[in-house]
Amino acid sequence: MEKMTGSRVLRAWLIAAICHVLFVPGQAVGEPEVEVPALSLNEAMRMALAANPELKAAELQIEIERMRGDADALSPPVTLETEIENFAGSGSSSGLDGAEVTLQLSRIFELGDKSALRREVGKLRVDQAMISEEAARLALAERVTQRFIDVIALQERTTLAQKTVGIAEQTLTIVQNRVDVGRSSEAELSTAVIALSRAELEHLDAERQLEKARMSLASLWGASAPRFAQAVGDFFDLPSVESFAALEQRLPDNPEIQRQAAELRLHAASRRLAESKRKADVSVSGGVRHLGEQDDVGLLFSVSVPFGSSSRARPEINEANLLLAQSPLRADAQRRELRALLFRLHQDLLFARTALVRLRETIIPHAENAVALYQEGFAVGSSTLLELADAQDRLLVLQGEALDAARDYHATLAEIEYLLGGRSGVPL
């Protein structure tokens, strides 16, 4: 049990390794009482795992299934039976002198090792509950990772929007100076004012989206407000991509595939239990009888064996056989769907990485160069404000696309790691 529990905690922590570059040394588990200057993914993960009520409910379900298994594995109880006859009637039976008192013990002896088979079924149900608890941990780990990524991305977008406001302010100042000396028209001034107002609105919207993302992240550990100044991490340092073949080898670690495998084992054990019911249980009882009139004591002994146990067990056996035939089909369909999903995610991952590299190494540098040239041209009058504004807008759009590509990469990698059971191959 300790080994399995450690494995579940390890898996939940390992899913955080998809953004290993985001990790910094964490603090103590629990919601911070005062605002911390920086929140790492590692810290967010630990607080969420420690405080999430869904996980606590899943842990209790394991104990519930264990108690149910213990109860089901109990052998039939010994029964004490007392019977009094021929008393409180009429004539010689009006009192207790002629009463017959019988005291006997009875017990059902199960054949076919039914108690051990019920214990096996109970154990497999506990295993299923443990798999469900592990799946809940991994699902929570993915939610933490995805929301942390959202916060980082929106922090970057807010910074970009703030830079846009600064650029718009500088452009407005330049245009105002040109208008003052008669080198630009009032129309160009209005265009610059509109550009600044739009940039300010986009900055306000980015801040609003960021606050929503911060609150969404903090809610995972039950915080009433996000008590951290910012999430920290190098958003553009991407972990390496494993090949699809390597990722496919890890598909058996998927929580749903593990659940299907556990379900198959449970159906097999249930079938063995149903088969055991072909053997009839034997009921044995024995005791003493006191004959009131003769004041004598006699012994009693009886054995009862029901007929037709095999036919009564047949419907349950048939159901178990059908479930056994059904489970592999469902598992195979699930594996096919998961493999197709993994392939799609892997393709998305490769494209996001390619797009980010192309944007940052080729496209954005050329866009920055174009902006610089248009700024020089605008200063000497060889370029118009419209040309400069178009170049600046194009650069900002490309920088936003780079942010989206980085966010898509981290988010897709997080989804892949959850899909594969959180056994990340990325070093911590």
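Between the Q146 side chain and the A411 main chain, a donor and an acceptor come within less than 3.5 Å of each other. Counting only distance, with no hydrogens or angles, the side chain of N177 and the backbone of T173 share a donor-acceptor pair below 3.5 Å. Judged by distance alone, the side chain of R178 and the main-chain N or O of S185 form no donor-acceptor pair under 3.5 Å. No donor-acceptor pair closer than 3.5 Å links the side chain of S106 to the backbone N or O of S285.
With a 4.5 Å cut-off on side-chain heavy atoms, L103 and L80 count as touching. Between E368 and Q399, the closest side-chain pair of non-hydrogen atoms falls below 4.5 Å. Side-chain contact between L204 and E200 is absent, with no heavy atoms from C-beta onward closer than 4.5 Å. Between V193 and S190, every side-chain heavy-atom pair lies at or beyond the 4.5 Å cut-off. Side-chain contact check for H346 versus E242: every heavy-atom pair is 4.5 Å or farther apart. The shortest distance between side-chain heavy atoms of D150 and L217 does not fall below 4.5 Å. For the pair S115 and R119, the minimum side-chain heavy-atom distance is below 4.5 Å. You'll find the side chain of K212 reaches within 4.5 Å of the side chain of Q209, heavy atoms only.
Exactly one of K279, K277, R278 qualifies for a salt bridge (Lys or Arg N to Asp or Glu O under 4.0 Å) with E275. That residue is R278.
Salt-bridge check for K114 with D281: passed, with a basic side-chain N closer than 4.0 Å to an acidic carboxylate O. Of the charged side-chain nitrogens involved, at least one lies within less than 4.0 Å of a carboxylate oxygen, so that R259 and E256 count as a salt-bridged pair. The pair R46-E43 meets the salt-bridge criterion, since a charged nitrogen lies less than 4.0 angstrom from a carboxylate oxygen. Looking at E59 and K56, no side-chain N of the basic residue comes within less than 4.0 Å of a carboxylate O on the acidic one, giving no salt bridge. The pair R66-D70 fails the salt-bridge criterion, with no side-chain N (NZ, NE, NH1 or NH2) lying under 4.0 Å from an Asp/Glu carboxylate O. Here D127 pairs with K123 in a salt bridge; the nearest charged N to carboxylate O distance falls below 4.0 Å. Salt-bridge check for R250 with E417: passed, with a basic side-chain N closer than 4.0 Å to an acidic carboxylate O.
Cation-pi contact between R107 and F109: present, with separation from the ring centre below 6.0 Å and deviation from the ring axis of at most 45°. R407 forms no cation-pi arrangement with F235, by the criterion of a distance under 6.0 Å to the ring centre and an angle within 45° of the ring axis.
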